[in-house]
Amino acid sequence: MRLNLRRFDFALLGTTLALVVFGVAMVYSATLGVPNYEDYPLRQVIYALIGLALLLLAAAFDYRLLTTFQWPVYVVILLALGAVTVLGQVRGGASGWFDAGIIFIQPAEISKVLFAIVFAQYLASRHERLGKPQWVLLAFILMALPAILIYMQPDLGNAIVLLVIGAVMLFVADIPWGYIVGAAAAGILALPVIYANLQDYMKQRIDIFLDPASDPDASFNIAQALISIGNGGVLGKGFAEGSQSQLHFLRVRYADFIFSVIAEELGFVGAVVLIILLVIVLWRLITIADQARDEFGRLLVTGVIAMIMFQAVVSIGMNLGLLPVTGITLPFISYGGSSLLTLMIGVGLAQSVAMRNRKIEFD
Amino acid sequence: VLARPLPPSGRLAILRVFIVIAGVIFVAQLVRIQFVQGQGLRARADENRFRLVEVRGQRGVVYDRDGQLLVRNRPSFDVVAIPSNLPSDSEEARAILERLEGIISQAEANLPVHEQEDEAAEEETSPGIGQQGLPQFRERLSVDETMEQVRAAMQGGAYRPVVIAGRVSPETAFAVAEESHHLPGIELSVAPVREYLTGPLTSQLIGFMGPIPAAFVESYRAEGYRPNDQVGLAGLELTFEKALRGRDGRRNIEVDVNGREVRTVGDIFPSAPGNNLVLTVDAQLQALMEQALLRGLENAKAQVGVAIAMDPKTGEILGLVSLPTYDNNLFARGITAQEYQALLDDKRLPLLNHAISALYPPGSVFKIVAASGALQEGVIDENIRLGDSFDGRVDGIIYVDNRFFPDNPRYAQPFYCWIHTYGTGHYRVNVREAMAVSCDTFFYQISGGYRKTFEGLGIDKLVDYTKIFGFGEPTGIDLPGENPGLVPTPRWKRLTYAETWAAGDTYNMSIGQGALLATPMQMLNATAAIANGGILYRPQLVRQIVDTEGNVLEEFTPERIRDLPLDPDVVDIVREGLWGAVNYPNGTARALTVPGVTVAGKTGTAEFYDPDIPLTASGRLPYHAWFTAFAPYEDPEIAVVVFVYNGGEGSAVALPVAQEILRGYFAQKYPPQPLEIGPGEAITSTEMLPGIEALLTDTVPITATGASDGGGD
């Protein structure tokens with residue numbers, strides 16, 4: 001198959017790379033002067049370069065070939081997540097990581113984009129029959145299995161991201177509104193049951209969001225995030241000069257609270273630029289999905305959109321005190337190799353879809 | 001195969017709308033936080049990072065009168081845990097704390113342990129400890145306690161250090177520092193604490209410091225103290241708190257989240273050290289006095305004793321020893337609850353300064369008061385002779401008639417002179433001789449009269465003169481916890497015991513017995529007033545307050561409490577009586593000799609009642625031993641009091657101690673001149689005599705200068 005570079009979305013690549021560079025710079029600022037973190041910026045650069053290579057590779061690859069590997073990929077996802085969960089429980093504590101030499105891979109991250117491939121093919125192949133309850137039920141089971149394994153790691157954040165990816169894909173796959181309304185109603189009714197079964201630290205986070213005074217230590221973090229953002233003003237304190245971040249009042253500033261670092265050091269302008277960049281990326285991705293040649297391509301890109309959109313909304317919302325603390329990172333910006341690789345592979349797949357869209361070509 | 005073209009998705013359009021709404025909400029929230037609430041949040045960011053740091057001013061140090069350093073400050077190390085820096089995994093944190101505990105206990109095991117003496121002695125005085133609150137206890141947390149506190153601190157979001165081991169030795173601090181790379185989250189914090197170089201030797205004078213007592217929190221705060229400050233709790237540390245206290249400086253610093261200083265911001269207001277004290281006390285003499293008193297206690301098998309030396313012409317205290325004592329360094333390094341309880345439980349009351357806070361019957365030393373009063377009031381003149389031979393027997397007994405049957409001698413109450421136990425009396429003696437031989441019957445009569453044949457001073461006048469000499473009121477020495485003592489009066493007896501004052505009560509009081517109670521300090525002060533010709537001075541411990549550059553800020557001058565309303569003749573006669581006690585062949589203190597110096601003095605053997613102390617072999621009450629003296633007689637420069645609780649005879653027990661002190665004092669002050677051996681060849685005294693000890697044991701024959709006008713034999 002011939003590469004069609006004219007269809008390659010350079011605007012999407014440009015904004016994506018702008019976000020990644022922005023992220024590396026902020027990780028550098030957020031880890032400045034902390035010996036334990038001093039190699040984070042360099043690692044992030046290495047991951048970004050690997051990610052760029054994977055992005056281009058995925059773009060060159062015809063996404064339609066992926067349909068062949070639907071079920072083997074799904075089995076690999078479950079095995080990887082299961083292995084990590086079991087190993088994690090054996091080791092106790094730090095779980096969710098595969099040590100692949102110098103690079104650590106988080107199956108929970110990579111499984112999100114792999115799940116999008118599997119689920120897109122599942123929905124595309126049943127597009128006309130999606131109204132049938134048995135297919136909807138099977139769709140829920142397909143979503144639930146990896147989500148449960150991720151939740152058991154325990155990683156509530158990525159479990160929710162995976163469920164949201166599935167839900168948005170179902171939504172775009174034109175699942176009848178009746179199911180959507182029904183699922184929403186059932187979800188609201190099930191909330192108390194879900195809450196009762198949450199792990200303690202997760203419950204605590206929700207409690208703190210609802211009543212910040214209930215845990216002074218955790219509400220400390222939220223309060224410090226708001227102080228940091230407020231401290232920024234219009235133009236910010238200057239790169240690497242935010243007192244809240246440089247004096248470490250802000251915690252997990254290279255990941256969960258990196259938006260606050262941006263708002264403090266680069267101010268309102270920097271934060272709005274970031275939001276606009278994210279909106280542009282999502283806008284371009286939706287355009288690609290809209291113009292996709294086939295249902296599989298459209299839903300695959302939708303999965304990527306859902307992942308970026310949901311993570312961005314939850315992370316920024318948390319920093320701004322609008323949503324509870326979940327440990328979900330800001331896409332492209334937060335430190336984290338697996339997350340960055342996953343996101344860039346997702347963008348690469350979208351490019352693959354873009355280069356093979358339904359527009360008729362005259363050349 | 002060309003797939004069927006896919007129509008645009010309405011659902012994707014809904015996603016676009018969602019993204020735009022989310023973006024708008026976020027920007028709106030940013031506006032709210034950064035502009036609407038911006039000012040308040042920026043202020044909170046500044047609160048986070050700026051700290052006003054108080055820079056502690058060093059507390060003043062203390063010198064003795066010759067400039068020898070007695071008290072200084074030394075850095076002390078607290079081993080603390082910074083909760084946020086400890087591993088969050090509680091097993092790892094516990095492992096670190098256990099490792100630390102091992103290091104500390106190993107380092108402390110190598111240190112000398114403070115020996116606990118468990119001998120207890122009887123003590124009747126009420127505690128009047130010049131101490132207002134609880135001391136600084138030694139802080140030692142177990143691993144479990146630390147874990148608990150760390151957990152509590154983490155909950156509070158605080159980064160304040162948790163003190164695991166307060167005021168550890170430099171050795172322990174070094175051991176912890178060496179292992180610091182294995183102890184993340186453990187730090188050493190440095191603060192100055194007192195170092196009492198002379199420790200127990202001067203602890204009764206200098207006292208110690210501790211946390212602000214609960215009862216005084218408000219008043220200290222009004223003076224600008226902070227809640228965690230240490231203040232003087234006893235001794236000069238308390239009395240001169242204001243002078244010694246350093247003035248704290250302050251500066252603004254920027255700190256990180258752990259409170260660690262990043263840099264200084266803006267102006268610095270420097271701290272200023274406190275002022276230094278120069279004491280009137282001579283540390284060398286103090287040590288000599290302690291040694292002498294310890295020997296005296298050992299010889300008498302007694303456990304509590306006091307020795308004070310004073311310059312009688314100024315009121316300056318040259319040395320003050322109260323035994324048993326305690327080590328105030330225990331308080332400086334943080335005392336353990338057991339150590340503190342042991343000090344409190346010790347029946348000898350080592351925390352009590354017996355020289356000023358404990359009350360004892362003065363015994364015969366008090367006779368200087370009765371003699372002065374009787375002479376001044378014209379009850380007697382210097383020649384009148386009184387004795388015990390009215391009934392024709394010289395047996396040391398006189399009788400007081402029964403109030404209701406004055407004519408029936410069977411009901412008369414006998415009063416004994418101390419010499420009665422030797423089967424004789426003192427015959428008839430004049431006032432000088434009576435003082436010299438300490439004739440009780442003489443003083444009974446000049447104070448209380450004898451039947452209808454001799455009119456005495458009377459109780460009211462006796463009380464007046466007692467008070468004039470400073471009894472019944474604090475001397476005003478610069479130490480907390482002084483006891484005013486008790487001067488009994490007819491009114492006091494009526495109110496306390498609902499009994500009328502009897503002639504016998506006056507008899508008892510005239511020889512310093514009965515209900516009369518005084519501190520050794522008061523006894524010395526009364527003696528000094530006679531020695532210096534009739535001026536009662538306030539005893540002082542501090543000569544100068546000097547700043548760090550050595551400039552004298554305050555010079556203490558002698559302070560008169562009062563000039564005794566005594567004619568110079570009267571004082572002279574009493575002085576001569578005290579001379580006689582030492583220098584008459586039959587004086588009670590004739591055993592006392594100081595080479596080349598004429599000494600005057602007065603012995604005292606005071607009966608006391610204590611239910612815990614058995615009677616003597618001869619069925620009599622136990623005695624305290626007293627001795628007061630001053631020298632040189634011609635121009636006194638030192639007055640001494642020695643008191644030994646339950647010691648026995650003043651002349652046998654207290655006198656040798658005073659003698660050792662006086663000999664040491666004069667040997668030190670006027671070292672023997674080099675002797676001319678041959679032309680151009682001189683041998684210094686130090687070459688001849690290896691040390692003061694040699695001088696002390698060297699007895700020189702008595703050289704009486706006054707003419708002996710005959711003791712009452």
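All values reported here derive from a predicted model rather than from experimental measurement. Residue numbering restarts at 1 for every chain, and letters A, B, ... go by the order of the sequence lines.
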Euclidean distance, A:R298 CZ relative to B:L12 CG, rounded to 0.5 Å: 5.5 Å

Neighbour count >12 (heavy atoms, 6.0 Å) for atom CD, B:Q39: no

Contact class of B:A45 relative to chain A, heavy atoms under 4.5 angstrom: both

Backbone of A:G230 reached by a side-chain donor or acceptor of B:R42 within 3.5 Å: yes

pair B:I33-A:F268: side-chain heavy atoms closer than 4.5 Å: no

Flag side-chain contact, heavy atom, 4.5 Å: B:N48 against A:L247: no

B:F35 atom CZ, neighbour heavy-atom count above 12 within 6.0 Å: yes

Audit row: A:I227, B:L41, side chain to side chain contact (heavy atoms under 4.5 Å, CB included) steps and yes/no: CA-CA 5 Å; A:I227 292 172; B:L41 290 172; 4.0 Å; yes

Interchain contact, B:E254 with chain A, by part (heavy-atom threshold 4.5 Å): side chain

Choice from A:V313, A:I275, A:L250 maximising heavy atom contacts with chain B below 4.5 Å: A:V313

Close side-chain approach of B:S9 and A:V172, heavy atoms under 4.5 Å: yes

Main-chain N/O of A:F249 paired to B:R49 side chain as donor or acceptor, under 3.5 Å: no

Close side-chain approach of A:I229 and B:Q34, heavy atoms under 4.5 Å: yes

Under 4.5 Å from any heavy atom of chain A - which part of B:V36: neither

Region of B:V27 that comes under 4.5 Å of a non-hydrogen atom in chain A: both

Heavy-atom neighbours of B:R99 CZ exceed 12 at 6.0 Å: yes

CD/B:E98: more than 12 non-hydrogen atoms of other groups inside 6.0 Å: yes

CZ/B:R44: more than 12 non-hydrogen atoms of other groups inside 6.0 Å: no

Minimum side-chain heavy-atom gap B:Q29-A:N319 below 4.5 Å: no

